[in-house]
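Worksheet for the structure shown next.
Just so you know, ligand 1 is whichever comes first in the structure, and atom 1 is the first atom listed for that ligand. These numbers come from the heavy atoms of this one structure, side chains and all, not from hydrogens, waters or symmetry mates.
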Amino acid sequence: MNGGKRSLTILHLYPREMNLYGDHGNILALQKRCKWRGIKTVVVEYEPSKKLPKEVDVIFGGGGQDSGQSVICGDLLKIGGKLKDLVEDGVPTLVVCGLYQLFGNFFKTLDNTVIKGIGVFNLKTLGGSERLIGNVVAESSQFGEVVGYENHSGRTFFEADLQPLGDVKKGAGNNGEDFEEGVRYKNAIGTYLHGPILPKNPKIADFLIETALTRKYGVTKLSKLDDDLERKTRLSAASRPR
Ligand code: GLN
């Protein structure tokens, strides 16, 4: 399909504090993949005590250090109800690492500080002494092979029967124990994968875009792009040792 006058508003949560290992590249990937199809994007950068935009078509939030998570958590709790409503309403959402953890119930850091989350996902995260670092490959029933890079102390455990984003083939994923990576809930994805994830996993980027367009305009099919470079990048990323 061609863009026509179509436009998507992307809410970027806490770009200053929550932006590790190239997470901002996810915004660029969404913008580019929309632009190549003639779809306009408006990115609203949300920082503490700002107002949320009236219209939100896609939500994105990146990772951050424990200290960054502590800085934003008070504000996140204030807007948490609205974010939860948006996710429940089917707004396509991607949250990575630090914000994945805080979209859960809580993150108890290694020094026993409890950073409360907003409970969009029924899961908890416990800090571990050894950081889980390295390249990840996970197999997703929806997106095929998903590649990325992880660096976290937190171990995430589901507190309900949730669907992971994928099964870990390489790397640690949610906790290094159950071979699951990330979570899929409604049209939301939580994941530990930085790198950033979207340029290397265009199927996930297009899922977010297509879902947003379908919700807003009733459009169902995106035009295909030449993803040869992305395919080569994925192959190279997937072949790296852990
Ligand atoms: N601070 C969190 C942890 O170490 C999240 C890190 C991240 O976003 N990469 O688990």
Between the side chains of Asp228 and Arg231, is the shortest nitrogen-to-carboxylate-oxygen separation below 4.0 Å, so that they form an ion pair?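 Yes, charged N to carboxylate O under 4.0 Å.
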Is Lys169 salt-bridged to Glu145, cutoff N-O under 4.0 Å?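 Answer for the salt bridge query: yes.
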Quick one: look up the protein heavy atom nearest atom 3 (C) of ligand 1 and list residue, atom name and how far away it is.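 Looking at atom 3 (C) of ligand 1, the protein heavy atom closest to it is Ser153 N, 3.4 Å.
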Distance from atom 5 (C) of ligand 1 to nearest protein heavy atom, with residue and atom: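 For this ligand atom, the closest protein heavy atom is Gly64 O, 3.2 Å.
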Could you check whether [Y] and [X], counting side-chain N and O atoms only, form a donor-acceptor pair closer than 3.5 Å?
| X | Y | answer |
| --- | --- | --- |
| Gln69 | Tyr14 | no |
| Glu181 | Thr191 | yes |
| Thr125 | Tyr100 | no |

Number the atoms of ligand 1 from 1 as they appear, then name those within less than 4.0 Å of a heavy atom of [X], with their elements.
| X | answer |
| --- | --- |
| Gly154 | 3 (C), 10 (O) |
| Asp66 | 1 (N), 2 (C), 3 (C), 4 (O) |
| Arg131 | 4 (O) |
| Leu20 | 7 (C), 8 (O), 9 (N) |
| Gln101 | 2 (C), 3 (C), 5 (C), 10 (O) |
| Asn151 | 6 (C), 7 (C), 9 (N) |
| Gln69 | 1 (N), 2 (C), 5 (C) |

Among Gly63, Cys97, Gly68, Gly128, which residue places a heavy atom closest to atom 7 (C) of ligand 1?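 Heavy atom nearest to atom 7 (C) of ligand 1 belongs to Cys97.
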Ignoring angles and geometry beyond distance, decide whether Gly98 reaches within less than 3.5 Å of ligand 1 through its nitrogen or oxygen atoms.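 N/O-N/O distance below 3.5 Å exists for this pair.
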Sole candidate of Arg37, Lys224, Lys32 that passes salt bridge (charged side-chain N to carboxylate O under 4.0 Å, His left out) when paired with Asp206: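 Among the candidates, only Arg37 passes.
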Are more than 12 heavy atoms from other residues, nucleotides or ligands located less than 6.0 Å from atom CZ of Phe179?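 Incorrect, the count does not exceed 12.
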Check the angle between the aromatic planes of His12 and His24 and answer parallel, tilted or perpendicular using the 30° and 60° thresholds.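 Taking His24 first and then His12, their aromatic rings lie parallel (interplane angle under 30°).
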Of the side chain and backbone of Gln65, name the one, both, or neither that has a heavy atom under 4.0 Å from an atom of ligand 1.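 The part of Gln65 near ligand 1 is the backbone, not the side chain.
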Please determine whether side chain to side chain donor-acceptor pair (under 3.5 Å) holds for the pair Tyr192 and Asn174, giving the CA-CA distance in whole Å, both sets of side-chain angles, and the decisive distance to 0.1 Å. CA-CA 7 Å; Tyr192 271 109; Asn174 282 341; 5.9 Å; no
Is ligand 1 less than 4.0 angstrom away from at least one heavy atom of His194?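 Judged by the 4.0 Å heavy-atom criterion, His194 does count as contacting ligand 1.
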